[in-house]
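These notes concern the structure reproduced below.
Chain letters run A, B, ... following the sequence lines, proteins first and then strands; every chain starts at 1.
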Protein chains: 2
Amino acid sequence: MNWNEERNLIMVSKMYYEEALTQNEISKQLGIYRTTITRMLQKAREEGIVRIEVVESNRVKVDLERRLKEKFGSIQEFIVVPVNAESTRSSRLKAVGNVAISLLDSILKEGDNVGLAWGETMGTMANLIERKRKIDADFVPIVGGPGKMRVEHHVNTIAYNFAKAYHSRAHYIDSAAIVQSKETRDEIMGSEYMRDVLKLWDKLTVAIIGIGAPIRSSNLVWAGFLENGEDQMLEKDKAVGDIGSRFYNIDGLETTASLQERTIAIELDRLKENRATIAVAESEEKLESIVGAINGGYISHLVIDEPTAEALIRREG
Amino acid sequence: MNWNEERNLIMVSKMYYEEALTQNEISKQLGIYRTTITRMLQKAREEGIVRIEVVESNRVKVDLERRLKEKFGSIQEFIVVPVNAESTRSSRLKAVGNVAISLLDSILKEGDNVGLAWGETMGTMANLIERKRKIDADFVPIVGGPGKMRVEHHVNTIAYNFAKAYHSRAHYIDSAAIVQSKETRDEIMGSEYMRDVLKLWDKLTVAIIGIGAPIRSSNLVWAGFLENGEDQMLEKDKAVGDIGSRFYNIDGLETTASLQERTIAIELDRLKENRATIAVAESEEKLESIVGAINGGYISHLVIDEPTAEALIRREG
DNA sequence: TCAATGTTTGCACAAATGTGCAAAAGGTGG
DNA sequence: CCACCTTTTGCACATTTGTGCAAACATTGA
């Protein structure tokens with residue numbers, strides 16, 4: 001490219017991109033055929049005379065998201081939340097939670113039935129959610145309460161907070177997540193007071209869930225629920241996590257039959273029918289849990305923090 | 001703009017500008033109406049998510065050129081040559097000269113008759129010009145030789161060098177620029193050996209000239225030509241420069257009748273008929289000379305160095 | 001809760017841009 | 001100097017992009 005050509009390319013580029021003249025106007029002003037202007041602009045872009053840059057804001061990590069989407073095709077949308085390295089666990093939870101709330105907000109439609117789980121992440125979100133537009137929707141737990149476990153909010157409170165934000169209806173569940181026996185479960189599931197909830201489970205359109213940490217017998221979180229040796233059983237069955245108290249292995253298959261039959265929670269497969277099932281997770285420790293949930297195909301949207309996203313990318317398979 | 005919208009704008013912008021998908025393809029892939037994509041891209045540009053920059057290379061100063069063109073509407077094209085501050089006079093001359101050669105090259109057409117002046121700038125160019133494409137053209141001096149003045153090349157040598165570069169014809173002038181008397185001049189102009197040159201002057205299509213420094217009586221360059229008191233006369237007539245030994249004032253009007261009638265050179269007004277008359281100048285000292293030449297309307301293309309260009313912009317009027 | 005007001009979407013149409021091809025111009029080497 | 005090859009130009013046409021308007025939707029305040 002000689003001196004004179006470069007000059008012309010710069011001039012034409014300025015007229016087109018900075019002064020927003022059309023190629024036709026430029027063509028007339030400079031007495032150059034219009035298609036030549038088209039070609040000059042192409043060349044100017046190739047030569048780097050015109051530089052077009054899409055600014056990846058520090059609030060958004062589109063590139064990572066697209067790589068994740070390529071790796072895990074079953075997920076409709078990944079949302080990676082940037083967090084700064086020195087942030088505390090709680091500030092990360094809040095960051096991820098706020099984004100998940102935004103996402104839910106953009107997905108929610110008139111008439112939706114929204115299923116909610118409980119746990120640390122869901123509790124945080126219930127705290128964060130604020131007044132939203134009024135909408136005609138139903139919020140319902142998809143799993144029984146935490147029983148003796150100490151969590152910030154009962155799943156009914158979570159449903160209440162979400163419903164309140166949208167000036168809509170909350171529904172409550174009057175049962176623990178895991179009960180003593182298959183018989184008790186069957187009885188509760190058949191009871192009058194569960195009918196409303198079950199009906200909503202049937203018509204569920206959206207769900208939002210946290211992803212629990214992997215199960216280890218050293219991890220006593222579930223101790224209150226588990227009976228003689230069930231914690232070892234979970235470990236033996238290679239359970240990697242749970243969604244609404246339903247445990248699954250790395251392939252996403254529900255596991256540990258003795259627990260299954262005592263659990264009061266929506267069927268995992270039912271989540272696949274939803275228009276959207278949003279999962280939220282915020283730490284690398286949950287990597288295996290997350291992968292299991294993805295492999296099960298239960299979730300459509302996954303909101304995670306940046307380091308976890310990078311760990312997911314690095315992970316084999 | 002909320003979090004989710006920013007995300008979408010970034011994603012769409014990347015698809016459009018980095019992956020070169022059409023708005024239609026993006027629309028289908030994301031399930032967003034196409035016109036919405038158009039509007040998103042507009043917004044992304046406004047918001048600075050997409051940044052488009054035209055790189056002003058350090059070889060080209062288009063902005064300055066456009067401002068000059070606005071200020072001096074009679075000039076078809078300004079060419080500003082960047083020079084670095086510590087460069088020597090000679091290196092600046094070369095820089096400007098090379099660009100002027102490029103410009104001439106892009107202007108020259110088959111069958112052109114090219115008029116040449118002499119002087120320091122023209123001499124430098126004659127030294128710099130190298131083998132070019134073959135062209136059917138005639139190169140001819142538009143002014144007599146420098147007489148006793150010490151210059152690097154006689155105008156005939158300049159014509160020779162230009163013609164040689166283009167594998168074309170040079171024509172020579174057998175006269176000094178300023179002769180003793182009106183009578184001598186008339187005789188020479190009527191002579192057989194000038195006929196060829198005069199015929200070419202008549203058919204001239206392009207000329208290339210240097211612009212001389214302003215005239216001052218302290219400046220003895222012209223001493224060899226000037227007779228009793230003519231130097232004071234020039235000063236009294238407010239001559240600011242010359243083109244091919246024809247002196248003009250700041251308004252571009254030819255001046256000092258006693259010199260005019262002894263000068264063997266093309267008429268200044270004749271230059272206006274050319275398809276292009278390229279003037280080359282390289283120092284701020286020549287500012288007034290340059291302005292006079294512009295005001296006279298004699299030149300269509302002006303090649304100058306950057307500091308001189310800036311001085312021209314700053315100059316009043 | 002409802003009316004009023006501002007924003008966004010979908011659409012038909014208008015304008016702008018891009019492309020393949022043939023012809024012309026430019027450049028190269030014997 | 002000429003014949004060959006490469007690059008550039010002009011053009012018709014296809015594709016892509018932009019816009020005004022009306023309808024739908026969301027938001028606000030009483």
Side-chain angles (χ1 to χ4, degrees), chain A residues 1-9 12-13 15-47 50 52 102 104-112 130-137 164-169, chain B residues 1-9 12-13 15-47 50 52 102 104-112 130-137 164-169:
Chain A
M1 201 179 40
N2 67 23
W3 172 85
N4 206 48
E5 189 181 359
E6 184 175 357
R7 260 188 98 256
N8 288 335
L9 294 188
V12 167
S13 301
M15 294 172 92
Y16 189 74
Y17 287 108
E18 295 184 353
E19 292 167 48
L21 303 178
T22 68
Q23 297 185 3
N24 234 318
E25 291 170 314
I26 298 171
S27 142
K28 272 178 208 156
Q29 247 179 71
L30 304 185
I32 300 174
Y33 209 86
R34 187 189 56 74
T35 51
T36 305
I37 303 282
T38 300
R39 293 187 250 247
M40 287 171 89
L41 288 169
Q42 284 165 345
K43 185 153 193 194
R45 287 187 298 262
E46 280 165 19
E47 298 278 349
V50 172
I52 301 185
S102 266
L104 176 69
D105 193 51
S106 73
I107 284 175
L108 265 196
K109 280 189 193 160
E110 214 64 20
D112 268 331
E130 282 178 355
R131 194 173 194 287
K132 301 277 179 192
R133 68 186 186 281
K134 179 180 177 351
I135 200 175
D136 174 29
K164 185 175 154 208
Y166 284 98
H167 315 275
S168 61
R169 292 173 298 282
Chain B
M1 201 179 40
N2 67 21
W3 173 85
N4 206 48
E5 188 182 1
E6 183 175 357
R7 260 189 97 255
N8 287 335
L9 294 189
V12 168
S13 301
M15 295 172 92
Y16 189 73
Y17 287 107
E18 293 183 355
E19 292 166 49
L21 303 178
T22 67
Q23 297 185 3
N24 233 318
E25 290 169 315
I26 298 172
S27 141
K28 272 177 205 154
Q29 250 181 67
L30 304 185
I32 300 173
Y33 209 85
R34 188 190 53 76
T35 50
T36 305
I37 304 280
T38 299
R39 294 188 249 246
M40 287 171 90
L41 289 169
Q42 284 165 345
K43 185 154 193 196
R45 287 188 296 262
E46 279 165 19
E47 297 278 350
V50 172
I52 301 185
S102 265
L104 175 68
D105 193 51
S106 73
I107 284 175
L108 265 195
K109 279 190 194 161
E110 213 66 19
D112 266 334
E130 283 178 356
R131 195 176 194 283
K132 300 279 177 190
R133 67 186 186 281
K134 178 180 175 356
I135 200 176
D136 175 28
K164 186 177 154 208
Y166 284 101
H167 315 274
S168 60
R169 292 173 299 281

* How does protein reach along nucleotides 18-30 of chain C, written 5' to 3' as B (base within reach of a heavy atom under 4.0 Å), S (only sugar-phosphate), or - (no contact)? -> BBB------S---
For the pair made of [atom1] in [X] and [atom2] in [N], what is the distance, rounded to whole Å?
| X | N | atom1 | atom2 | answer |
| --- | --- | --- | --- | --- |
| A/Asp136 | D/dA26 | CG | C1' | 16 Å |
| B/His167 | D/dC2 | NE2 | P | 16 Å |
| A/Met15 | C/dT17 | CE | P | 13 Å |
| B/Ile32 | D/dT17 | CD1 | C1' | 17 Å |
| B/Ile135 | D/dC1 | CD1 | C1' | 17 Å |
| A/Asn24 | D/dG10 | CG | C1' | 14 Å |
| A/Tyr33 | D/dC13 | OH | C1' | 12 Å |
| A/Asn8 | D/dT8 | CG | C1' | 14 Å |

For [X], which residues count as a side-chain contact (heavy atoms from CB on, under 4.5 Å) partner, sequence neighbours excluded?
| X | value |
| --- | --- |
| B/Glu19 | A/Arg66, B/Met15, B/Leu21 |
| A/Lys109 | A/Asp112, A/Arg275 |
| A/Tyr166 | A/Asp105, A/Leu108, A/Ile129, A/Lys132, A/Arg133, A/Ile135, A/Phe139, A/Ser168 |
| A/Arg39 | A/Thr35, A/Gln42 |

* Closest contact, heavy atoms only, A/Ile32 versus A/Ser27 ->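 The answer is O-OG, 2.9 Å.
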* To do: Of all the heavy-atom pairs spanning A/Ile26 and A/Val12, show the shortest one and how long it is.
  =>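 Reported closest heavy-atom pair: CD1-O, 4.0 Å.
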* Asked: A/Arg169: what forms a salt bridge (charged side-chain N to carboxylate O under 4.0 Å, His left out) with it, not counting sequence neighbours?
  ->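 Residues passing salt bridge (charged side-chain N to carboxylate O under 4.0 Å, His left out) with A/Arg169: A/Asp136, A/Asp138.
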* List for me each residue that meets side chain to side chain donor-acceptor pair (under 3.5 Å) alongside A/Tyr16, sequence neighbours excluded, and say none if there are none. =>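 None.
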* At how many degrees, to 10°, do the end axes of the helix from C/dT1-D/dA30 to C/dG30-D/dC1 meet when each uses five pairs? ->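 About 50° separates the two local helix axes.
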* Does the side chain of B/Tyr17 pick up a donor-acceptor pair with the side chain of B/Arg45 at under 3.5 Å? ->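 Distance-only check passes for B/Tyr17 and B/Arg45.
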